[in-house]
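Below, each value reflects all heavy atoms present in this structure, side chains not excepted, and no hydrogens, waters or symmetry copies. In what follows, every chain begins at residue 1, and chains take the letters A, B, ... in the order their sequences are listed.
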Protein chains: 2
Amino acid sequence: MSPIELLNTHHLRKTQFREKVLDIFLRHDRALSHRDIESQISEADRITLYRTLRTFEEKGLIHKAIDGSDKLKYALCAGHCDVHAHHDHHAHFHCASCGQTFCIDEVQPPGIQTPPGFVVESTHLIFNGRCALCAN
Amino acid sequence: MSPIELLNTHHLRKTQFREKVLDIFLRHDRALSHRDIESQISEADRITLYRTLRTFEEKGLIHKAIDGSDKLKYALCAGHCDVHAHHDHHAHFHCASCGQTFCIDEVQPPGIQTPPGFVVESTHLIFNGRCALCAN
DNA sequence: AGCACACACGCAACAATGTTGCATTAAAAA
DNA sequence: TTTTTAATGCAACATTGTTGCGTGTGTGCT
């Protein structure tokens, strides 16, 4: 999947900036923070990036990757997200050492016994620890 | 458990400010953000609160309650945390409507099959949805 | 009780992160 | 190509978090 294809299928205008951002996501198989992305685009405009990420999330290209760190991160949706709802029920692994966040698609969050009256809309499962590189 | 007892058992100095903060935690059975606490103390000093919360977390009185919102929250430890390690493997429910976060002690996070080399140190399970009050 | 020491507090200054408004520019439609 | 619509870039501002330092307060000691 190329940046342009992604923009087309999600009915978004094709701009240089958006293509750059998507290209970065496609080249990294993990969740990225605002800073991660900004530092990889020369002469990136902070504000435009904030708005680009918000738009991408609203249109279902990316979703928030909740990893338990204080930083908000985003990851490319695996294709089953759309405009109406994110199906972000998958798990994330956050490395406490290098700060990187990886998507763990294999693990399914458990069912819930919430108190009566509570309605669950999405579930997040976070594993915190050390990645293969930092564990040694 | 009273504020003073908590400070004593954790070997912390008893100050007015700390007692106020602990009193707020004891009166609310849920995770609180910096803002939540600040707004309940008249003439609270932002910086002192940051340092108080950090100290409380280091000494094992409170722990970070990761709820998937962009805000960092803290909740009182249930007694099994200490100076050396937080046993924060329990689940949190975050209401998307009112923003409140509740601890769900009954649910146990599942085991993991992480990629080889990855070491898990803690697990967080977050349920996002609507609480009993907001669901109607 | 009084004293000394360590620590907590409160303030200032700064750094990082996120938001809003508006004029300009670029993409899509006519 | 022209018109229309949306994205961009900049300024200004709001919020959140950090660091340094002088002052005040709690605690242990004599």
Original post:
Is the centre of the F127(B) ring less than 6.0 Å from the centre of the H94(B) ring?
Top reply: no

- Message: Check for me whether the distance between the ring centres of F25(A) and F56(A) falls short of 6.0 Å.
- Response: no

I37(A) CD1 to dT17(C) C1', in whole Å, measures 14 Å

Here the distance between atom P of dT4(D) and atom CZ of R13(A), to the nearest Å, is 14 Å

Whole-Å distance, L7(B) CG to dT25(D) C1', equals 15 Å

When rounded to whole Å, the OH to C1' distance for the pair Y74(A) and dG18(C) reads 11 Å

**Message:** Side chains of E5(A) and S2(A) only: does a donor on one sit below 3.5 Å from an acceptor on the other?
**Reply:** yes

Under 3.5 Å, is there a donor-acceptor pair between the D67(B) and T101(B) side chains?
yes

Rounded to whole Å, CD of E38(A) lies from C1' of dA16(C) at a distance of 11 Å

Separation of dC7(C) atom C1' from F56(B) atom CZ, nearest Å, is 14 Å

Regarding the side chain of T15(B), the nearest nucleotide among dT5(D), dG17(D), dG26(D) is dG26(D)

- request: For the pair F118(B) and F102(A), name the ring-plane relationship: parallel under 30°, tilted 30 to 60°, perpendicular over 60°.
  value: perpendicular

To the nearest 0.5 Å, atom CG of L32(A) lies from atom CZ of R27(A) at 10.5 Å

What residues 39-54 of chain A contributes to the DNA chain C interface at heavy-atom separation below 4.0 Å is R46(A), I47(A), Y50(A), R51(A), R54(A)

Assign each of L72(A) and Q16(B) the nucleotide of DNA chain C bearing its closest heavy atom; nearer the 5' end lies the nucleotide of Q16(B)

From NZ of K14(B) across to P of dG26(D) the rounded distance in Å is 11 Å

Quiz question: going by heavy-atom distance under 3.5 Å, is there a donor-acceptor pair between the base of dT17(C) and the side chain of R35(A)? no

So CD of E38(A) and CG of L53(A): to nearest 0.5 Å the spacing works out to 10.0 Å

Between NZ of K71(B) and P of dG18(C) the distance, given in whole Å, is 11 Å

Assert: residue with more 5' nearest nucleotide on DNA chain D, out of H34(B) and N8(B), is H34(B)

